[in-house]
Amino acid sequence: MTPAGSLLHADGLHKAYGPTPALDGASFSIHAGEVVAVMGPSGSGKSTLLHCLAGIVRPDSGTITYNGRELSAMSDSERSSLRRSEFGFVFQFGQLVPELTCTENVALPLRLNGLKRKEAERRALEWMDRLEVADLGHKRPGEVSGGQGQRVAVARSLVTGPRVLFADEPTGALDSLNGERVMELFTQAARSANAAVVLVTHEPRVAAYSDREVVVRDGRSRDLEHAV
Ligand code: ADP
């Protein structure tokens, strides 16, 4: 059963890579607009949980329900269309396209969805403005700082209006001052868009921006606290 109001819900997830269990009965639940930090030591199964929730990795057993639909019941093309239209991703290293300007990078998901260049770039600049990087529009990723690049990557993840954002150590490559600014703007922007954020981190300072923390240990998860 999916708990009432839950947008994305997972129960009893198991996943093994050969003899190594990565997930051993993990569960997870998130509401629209909620920011949940997934914490735990290295190798505990955090990234595997995130990849299962995002429909990138198929668990060996267990259920994942998004908006009332079970991911395992969807075809591969339905799942990838879901990822394109409803999910957004932010990684540790922004993974911006180096040949494109920052504006073109943010506009790219909209261009791939068939939007005309002018409209795509107008929307891109709106999000870049919220992430305070609109003035970097004409620069290429190689010409901006790590923190600025991550804010561009966050703008790109939000431009399509996703319902769920998956962030895997989004500030892992930044110093603490830049990391905190990125988290502040990231969570502010996600909340204003009512997007749920699944935030994988091992840094308590980063997790402090969440509403709730889930700890993963040896492939099993448990709720730590409701901070808000
Ligand atoms: P975390 O994100 O908490 O560091 P992971 O989910 O990356 O943990 O990994 C959990 C366990 O699964 C680890 O033992 C890791 O070595 C193993 N693992 C993860 N991904 C793979 C993979 N693609 N192939 C083999 N083993 C993997």
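All residue numbers refer to positions in the sequence shown, counting from 1.
- Using a 4.0 Å cut-off between charged nitrogen and carboxylate oxygen, R140 and E143 do not count as a salt-bridge pair.
- Considering only heavy atoms from C-beta on, P21 stays 4.5 Å or farther from H14 through its side chain.
- Sorted by first and then second residue, the ring-ring contact (aromatic ring centres under 6.0 Å, His included) pairs with a member in residues 103-125 form an empty list; sequence neighbours excluded.
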R122 vs E119, salt bridge (Lys or Arg N to Asp or Glu O under 4.0 Å): CA-CA, chis, key distance, verdict = CA-CA 5 Å; R122 189 189 65 75; E119 177 59 15; 2.8 Å; yes
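- Each of V38, L8, V164 was scored for a side-chain contact (heavy atoms from CB on, under 4.5 Å) with L53, with one residue passing: L8.
- Annotation for P162 and A195: closest pair O-CB, 3.6 Å, computed over non-hydrogen atoms.
- Here E104 pairs with R117 in a salt bridge; the nearest charged N to carboxylate O distance falls below 4.0 Å.
- In the hydrophobic clustering, L108 connects to V97, L100, L112, either directly or through intervening members, whenever side-chain heavy atoms lie under 4.5 Å apart.
- The CZ atom of R191 sits 9.5 Å away from atom CD of E34, with the distance rounded to the nearest 0.5 Å.
- Considering R151, E180, R130, Q150 in turn, R151 is the only one that fulfils the side-chain contact (heavy atoms from CB on, under 4.5 Å) rule with L185.
- No side-chain heavy atom of F89 sits less than 4.5 Å from a side-chain heavy atom of Q95.
- For the side-chain contact (heavy atoms from CB on, under 4.5 Å) with L13, the qualifying choice from L49, D60, T63 is L49, the only one to do so.
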